[in-house]
Amino acid sequence: GDSLTYLVQLRLGWLSYCAKDWPKSIACYGKAAQLAPNAVEPLLGKMLPQQAAGNNDDAIDTAQSVLRQDPSNHTAISRNAWLLYLKRDYKQAAILYRKLVTLYPTDTEMLLGLGFSLKFSGDRKESTQYFNTVLLLSPNNSRALEGLRDEPFRDDTAKGGGQRPEPPPRGPRPPRR
């Protein structure tokens with residue numbers, strides 16, 4: 001039946017993702033989503049190959065689909081924040097990271113994401129608060145210490161002379177299987 005077909009498509013999506021066959025993975029997760037239109041699981045899965053293929057705008061759209069069904073979905077919010085951070089939309093990333101920090105006040109990854117988003121959007125004073133919170137939770141956290149350093153943010157990537165700032169949080173984690 002449809003439930004077996006759903007599971008097969010979901011698994012094929014994951015296996016194709018692991019094999020780095022992004023188009024096939026996206027297609028399989030899409031089929032699974034059609035078979036279970038109220039499920040967010042295949043949409044969250046679909047975000048992984050979309051991101052891996054560099055289709056970040058598509059991944060953001062997919063995250064928005066998840067959030068329409070499940071507005072507080074941690075995975076969708078955190079991946080969406082990460083994608084906005086990568087696009088250097090630090091103000092929008094900070095809004096999403098702040099939502100997660102409100103829901104999960106001790107999530108160091110989200111605290112770091114919020115701290116760096118605030119820092120790179122120009123709010124160094126508020127960012128310091130979040131980096132210090134991380135240090136209370138995880139003394140000597142190298143990324144929090146890096147965030148507290150006072151060097152100015154230089155965006156030389158347009159001139160080809162610099163590096164894009166390394167995003168603080170780790171990327172999306174694959175779903176547990």
Side-chain angles (χ1 to χ4, degrees), residues 1-97 99-101 103-104 107-117 120 142-143 146 155-177:
D2 279 353
S3 63
L4 179 59
T5 305
Y6 168 80
L7 292 174
V8 168
Q9 290 301 318
L10 192 72
R11 189 66 178 159
L12 284 173
W14 175 248
L15 293 173
S16 298
Y17 171 74
C18 290
K20 298 183 177 169
D21 187 347
W22 317 135
K24 182 176 181 183
S25 179
I26 291 166
C28 291
Y29 278 124
K31 288 176 190 171
Q34 289 173 345
L35 291 165
N38 294 320
V40 297
E41 181 180 43
L43 298 175
L44 292 171
K46 186 178 181 181
M47 289 181 71
L48 296 172
Q50 287 174 324
Q51 287 177 260
N55 301 335
N56 290 346
D57 289 337
D58 291 344
I60 289 170
D61 291 343
T62 302
Q64 293 303 315
S65 295
V66 171
L67 295 172
R68 280 191 289 279
Q69 289 179 272
D70 183 4
S72 294
N73 187 290
H74 183 282
T75 304
I77 297 169
S78 65
R79 288 181 187 171
N80 201 9
W82 172 255
L83 290 164
L84 290 167
Y85 183 96
L86 291 175
K87 289 179 68 168
R88 299 180 185 198
D89 189 347
Y90 301 121
K91 289 187 187 296
Q92 287 301 311
I95 289 168
L96 295 178
Y97 281 126
K99 180 175 183 174
L100 287 172
V101 166
L103 294 170
Y104 304 93
D107 186 330
T108 56
E109 294 298 319
M110 299 307 111
L111 287 162
L112 287 165
L114 179 54
F116 277 99
S117 295
F120 293 142
S142 62
R143 292 184 292 156
E146 176 187 334
D155 185 357
D156 295 336
T157 55
K159 301 172 200 151
Q163 297 267 327
R164 181 179 192 157
E166 180 62 31
R170 295 178 193 108
R173 295 179 183 104
R176 291 182 180 95
R177 296 277 182 238

Problem set entry | Arg79 (side chain) donor-acceptor with Leu44 (main chain) under 3.5 angstrom | yes
Identify the heavy atoms of [X] and [Y] that sit nearest to each other, and give their distance.
X	Y	result
Pro42	Ala32	CB-CB, 3.8 Å
Ala94	Leu114	O-CD1, 3.4 Å
Met110	Ser78	SD-CB, 3.7 Å
Ser117	Ala93	OG-CB, 3.6 Å
Glu41	Tyr6	OE1-OH, 2.6 Å
Thr5	Leu35	CG2-CD1, 3.5 Å

Spatial distance of atom [atom1] ([X]) from atom [atom2] ([Y]) [nearest 0.5 Å]:
X	Y	atom1	atom2	answer
Leu48	Ser16	CG	OG	12.5 Å
Arg11	Tyr29	CZ	OH	8.5 Å
Phe116	Glu146	CZ	CD	4.5 Å
Lys99	Leu103	NZ	CG	7.0 Å

Problem set entry | Evaluation steps, side-chain contact (heavy atoms from CB on, under 4.5 Å), between Trp82 and Gln51 | CA-CA 11 Å; Trp82 172 255; Gln51 287 177 260; 3.7 Å; yes
Problem set entry | Of Leu83, Ile60, Leu84, the residue whose pairing with Gln92 passes side chain to side chain contact (heavy atoms under 4.5 Å, CB included) | Leu84
Are the side chains of [Y] and [X] in contact, using a 4.5 Å heavy-atom criterion?
X	Y	result
Val66	Asn80	no
Leu67	Asn73	yes
Met47	Thr75	no

Problem set entry | side-chain hydrogen bond (donor to acceptor under 3.5 Å, both in side chains) between Thr62 and Gln50, intermediate numbers included | CA-CA 9 Å; Thr62 302; Gln50 287 174 324; 2.9 Å; yes
Exercise. When you look at Tyr85 and Phe120, which way does the side-chain contact (heavy atoms from CB on, under 4.5 Å) test go after all the steps?
Worked result: CA-CA 10 Å; Tyr85 183 96; Phe120 293 142; 2.9 Å; yes
For this session: Please work out which of the three classes, parallel, tilted or perpendicular, describes the rings of Tyr17 and Trp22, given edges at 30° and 60°.
Result: tilted
For this session: Please collect all salt bridge (charged side-chain N to carboxylate O under 4.0 Å, His left out) contacts where either partner lies in residues 54-76, sequence neighbours excluded, each pair once.
Result: Asp57-Lys87
Exercise. How would you list all residue pairs meeting salt bridge (charged side-chain N to carboxylate O under 4.0 Å, His left out) that involve residues 12-40, not counting sequence neighbours?
Worked result: none
Exercise. Where do Leu96 and Leu100 land on the side-chain contact (heavy atoms from CB on, under 4.5 Å) test, with the steps shown first?
Worked result: CA-CA 7 Å; Leu96 295 178; Leu100 287 172; 6.0 Å; no
Problem set entry | Pairs involving residues 48-74, ordered by first then second residue, that meet ring-ring contact (aromatic ring centres under 6.0 Å, His included) (sequence neighbours left out) | His74-Tyr104
